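The structure displayed is predicted, hence computed values, not measured ones.
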Amino acid sequence: MSLRAKAQLVGKLRNLICQAQGINMALREQSRTSQRKVTLDYLFTLFHLAKPKASDLLLKTLIIAVIYAITAKFSLEFAMLPGKITAVWLPSGLTFAFVTWFGRRALPGIALGSIAFMLWNQLTMSLSWPISSDIVAIVACAVANSLQPVIGVGMIQRLTHRPPSLDRMQTVISFVVAATIAPMLPAFIGITTSALVGIVPWSNYGISWFTWWSAGVVAILVFTPTLLFWSQAAESVHPRLRQEVLGILGTTLGLCWLIFGQGYPVEYVLLLVLIWSGLRLGNFATSALVSLIAMIAIVSTAHSLGVFAGNSPTYSLVILQSFIAVCSVSSLVLRGALNAQKAVELSLEKTLLSLEQQVSDRTAQLRESQAILDGFFSVAPVGLGIVDRELRYVRVNTLMAAMHNLPAESHIGRSIREIQPDLASEIEPVYHQVLSTGQPVLNREENNQLPHQDNPIQTWLATYFPILNLAQTPTQVGIVLMEISEIKQLEQQLRQQAYMDGLTQIANRLYFNEVFELEWRRCGRSQQPLSIILCDLDEFKAYNDTYGHPMGDQCLKQFANVLTQAINRPGDLVARYGGEEFVVILPDTNADGALRVAERIRQCLHQRQIPHCRSSVAPYVTVSLGIATCIPALPQQPNDLLQAADTALYESKRQGRDRITQIDLEPIAE
């Protein structure tokens, strides 16, 4: 090849590389512009303003300035140190997001908002600083507040070569580093200037600088991710996640009430809720939850409430900010790890799909055993089938076809999802497991709803085994199905007969004894209280003598219904102990809690007002209750607690019935 031809080839390659780089940059800019557009649309919707043209920067500047001034004024409500140094500087989180979305075009709005806030603050607080001090402080703060997001966003772009996105571990680490370093120089400028003009005493310089810096760090770590993830908000309010969102929110608010309202030192339990949210609800919901927790913690501590209050302002501030930072960083790292894992799984899935497409059909080697297979399929007393790698039926016998309520011919070439749509999502992974590992899956129970009017639910015992080619590679999956519907129905009936009282349809004494033993051991291991309530209908023999045994049975049924309605926790158990006696197991329940449950039972029975003309207590049926509570410990035995409840019940009857007697067993020293 001549030198001229080589030069032309090199030139073409350079042009192609330049075009590829240009396309890549254009795509990045398009993505960034789209994100900014979504956020800007929301801001204008929030303020009920008409969306301006792209060149109309004035309105955007005013909006940013107004938001900055309002949030800055709000932040001052939580000032805890001299010089109005606040625990969290909300504008730091906002300005970081503004610069991420709009670049340096957001700086005029930030500077204007800072100046407006300083003037507003001076007017409302009637500060007596000299005019020269005002000008110097205002200018210094405006410069410091404008530098902070520029430094932070620029640092992230240098470390990751992309805008802040928090979608992978590298960007999360870069964001945390930038959030930590960016407020240092602005804090130095602001505090040094304030000290020079006499706003902040030099004796407080160190703690004031630290508080300015930490307030900016906390605001960026907590509130900026919520703003950056705003475009993902729709994922967190999906209808299928609505109940889980409410559950997480309720749990968070309950824990915050305990921690910051009641002062219980269980603040780091909130990390478990954040992990739950991170695993289930995604980026925006988790960041919003961190912001909510942070706001509650800040407001409570500023008003001397919660676990962080009660110490010196400096100590409370440091502990509060450390807690908020740990929550935010933990949630960001978790989401970064999950996103990285998801990307790896997606890549792996694509690789596996690509490999599956390259696997050719190698079933020709099975022709040698075709005659044996035909005979086995025709005479086998169980359902048999073969499925290929695409999960399509290759062959089924008449018994399997009958189990699916379809002709055998209609199975061939059709997928599992077409033949068994109700079970497809459950059994498809089993087929993939057999094909990938070459190991069988034995005796797996499966239930399916079939269009049989007389027997709509069927249960099968299924075995899946690999069919190998000459290279010992799984190419197909064999299925053996045995219907065990009648056996399962009989098993369920026997279980109900063994553990359920036939009259009241609640647990019987046998089931109570088993559960009582289990809960005794469990509460003993966890050292949690266990309570027992024994209930006995008052003068029930007289009721039977007056109204007859059929009416007595109806009375027992009504009282069983009262118990099931009064007991609302899943772990509690209501059982018939014998005759007109009933028993309630209350795990993890102290004496006060058991007393409330017993009183609820007594009041619910009163409300029924079941007539009892022979009763010496009341004109309607009443109940006497005995409560015993203890923390299981040796040498006590379950029967000791039961005997104590029986003693309490006897005392209730001796004192006139329709009352509650309570015994709290103390642990017996060995």
Side-chain angles (χ1 to χ4, degrees), residues 499-501 503-524 526 528-540 555-608 610 617-618 621-632 636-667:
Y499 291 112
M500 182 175 291
D501 180 64
L503 175 64
T504 60
Q505 297 300 302
I506 62 176
N508 59 14
R509 185 165 181 171
L510 176 62
Y511 189 62
F512 160 77
N513 290 336
E514 293 185 7
V515 174
F516 188 35
E517 289 283 348
L518 292 174
E519 291 297 341
W520 178 271
R521 292 195 294 268
R522 187 185 66 80
C523 290
S526 60
Q528 293 297 317
L530 176 64
S531 296
I532 291 291
I533 304 177
L534 275 178
C535 312
D536 193 353
L537 295 176
D538 296 328
E539 299 180 344
F540 189 73
C555 180
L556 292 175
K557 289 181 181 180
Q558 290 192 58
F559 183 64
N561 183 258
V562 167
L563 289 174
T564 55
Q565 289 183 353
I567 307 303
N568 49 28
R569 293 191 314 177
D572 300 338
L573 176 70
V574 175
R576 187 180 181 187
Y577 197 65
E580 67 272 18
E581 277 193 318
F582 295 79
V583 64
V584 179
I585 302 177
L586 300 173
D588 303 330
T589 303
N590 58 20
D592 292 339
L595 181 61
R596 288 193 294 271
V597 173
E599 183 61 30
R600 188 162 62 242
I601 294 171
R602 197 174 71 89
Q603 293 299 329
C604 288
L605 183 59
H606 282 191
Q607 294 172 5
R608 293 290 178 102
I610 305 171
V617 182
V621 175
T622 58
V623 63
S624 298
L625 303 101
I627 304 173
T629 302
C630 77
I631 297 177
Q636 290 177 339
Q637 298 298 322
N639 193 56
D640 296 335
L641 183 62
L642 196 59
Q643 184 62 43
D646 188 71
T647 302
L649 174 61
Y650 176 81
E651 184 65 19
S652 294
K653 288 186 172 293
R654 191 184 68 81
Q655 293 182 10
R657 298 183 174 87
D658 190 25
R659 63 188 64 245
I660 302 168
T661 302
Q662 192 169 24
I663 296 177
D664 193 355
L665 295 181
E666 294 294 335

Practice item. Give me the ring orientation class for W520 and F516: parallel if the planes are under 30° apart, tilted from 30 to 60°, perpendicular past 60°. Key: perpendicular
Point to revise | Sub-4.5 Å side-chain heavy-atom contact between V584 and I532 | key: no
Check your understanding: Sequence neighbours excluded, which residues qualify as side chain to side chain contact (heavy atoms under 4.5 Å, CB included) partners of R521?
Key -> E517, L518, R525
Exercise for review: State which residues pass side chain to side chain donor-acceptor pair (under 3.5 Å) with N590; sequence neighbours excluded, sorted by chain then number.
Suggested key: none
**Study point:** Non-neighbouring partners of E580 that pass side chain to side chain donor-acceptor pair (under 3.5 Å), sequence neighbours left out
**Key:** none
Practice item. For S624, check side chain to side chain contact (heavy atoms under 4.5 Å, CB included) against everything at least two apart and list the hits. Key: D538, L649, S652, K653, R657
Revision key, fill the gap. Heavy-atom nearest pair, T661 first then A648, reads CB-O, 3.2 Å
Review point. At their closest point, which heavy atom of T622 faces which heavy atom of L605, and how far apart are they?
Key: C-CD2, 3.7 Å
Study note, to complete from the structure: In short, C523 meets P529 closest at the heavy-atom pair SG-O, 4.0 Å
Point to revise | Value rounded to 0.5 Å, distance of CD1 in I567 from CG in L573 | key: 9.5 Å
Revision key, fill the gap. The reported gap from CZ in F559 to CD1 in I506 (rounded to nearest 0.5 angstrom) is 9.0 Å
**Study point:** Interatomic spacing from CD1 in I660 to CD1 in I627 - rounded to 0.5 Å
**Key:** 5.5 Å
Check your understanding: Which residue pairs pass the salt bridge (Lys or Arg N to Asp or Glu O under 4.0 Å) test when at least one of the two sits in residues 581-593, sequence neighbours left out?
Key -> R522-D588
Review point. Between Y577 and D646, does a side-chain contact (heavy atoms from CB on, under 4.5 Å) hold up when you go through it step by step?
Key: CA-CA 11 Å; Y577 197 65; D646 188 71; over 6 Å; no
Review point. How many angstroms lie between atom CG of L537 and atom CD1 of I610, to the nearest 0.5 angstrom?
Key: 8.0 Å
Check your understanding: Sequence neighbours excluded, which residues qualify as salt bridge (charged side-chain N to carboxylate O under 4.0 Å, His left out) partners of E651?
Key -> R654
Review point. What are the two closest heavy atoms between C535 and L563, and how far apart are they?
Key: SG-CD2, 4.3 Å
**Study point:** Residue list, side chain to side chain donor-acceptor pair (under 3.5 Å) with R602, at least two apart or on another chain
**Key:** E599, D658
Check your understanding: Heavy-atom distance under 4.5 Å between the side chains of R600 and Q603, does that happen here?
Key -> no
Review point. Between atom CG of D664 and atom OG of S531, what is the distance when rounded to the nearest 0.5 Å?
Key: 8.0 Å
Point to revise | Partners passing side chain to side chain contact (heavy atoms under 4.5 Å, CB included) against A628 (at least two apart in sequence or in another chain) | key: L641, A644, A645
Practice item. May I have all residue pairs that pass salt bridge (Lys or Arg N to Asp or Glu O under 4.0 Å) and include part of residues 560-575, sequence neighbours excluded? Key: R569-D572
Exercise for review: Kindly write out the residues that satisfy side chain to side chain contact (heavy atoms under 4.5 Å, CB included) with N561, not counting sequence neighbours, or none if the list is empty.
Suggested key: T564, Q565, R608
Review point. Looking only at heavy atoms, what is the nearest atom pair of I601 and V562, with distance?
Key: O-CG1, 3.9 Å
Check your understanding: Distance from E519 atom CD to Q528 atom CD, nearest 0.5 Å?
Key -> 11.5 Å
Check your understanding: Quick one: ring pair (Phe, Tyr, Trp, His ring centres under 6.0 Å) pairs with a partner in residues 583-604, sequence neighbours left out?
Key -> none
Point to revise | Trace of the side-chain contact (heavy atoms from CB on, under 4.5 Å) decision for F582 with L556 | key: CA-CA 10 Å; F582 295 79; L556 292 175; 3.9 Å; yes
Exercise for review: Heavy atoms only: give me the nearest P587-L530 pair and the separation to one decimal.
Suggested key: CA-CD1, 3.7 Å
Exercise for review: Look only at the side chain of N513 and the backbone of L510, and say whether a donor-acceptor pair between them is shorter than 3.5 Å.
Suggested key: no
Review point. Sequence neighbours excluded, which residues qualify as side chain to side chain donor-acceptor pair (under 3.5 Å) partners of Q662?
Key: none
Practice item. Would you mind reporting whether L503 and R576 have side-chain heavy atoms less than 4.5 Å apart? Key: yes
Exercise for review: Just do the side-chain contact (heavy atoms from CB on, under 4.5 Å) check on I663 and T647 with the steps written out, would you?
Suggested key: CA-CA 9 Å; I663 296 177; T647 302; 4.2 Å; yes
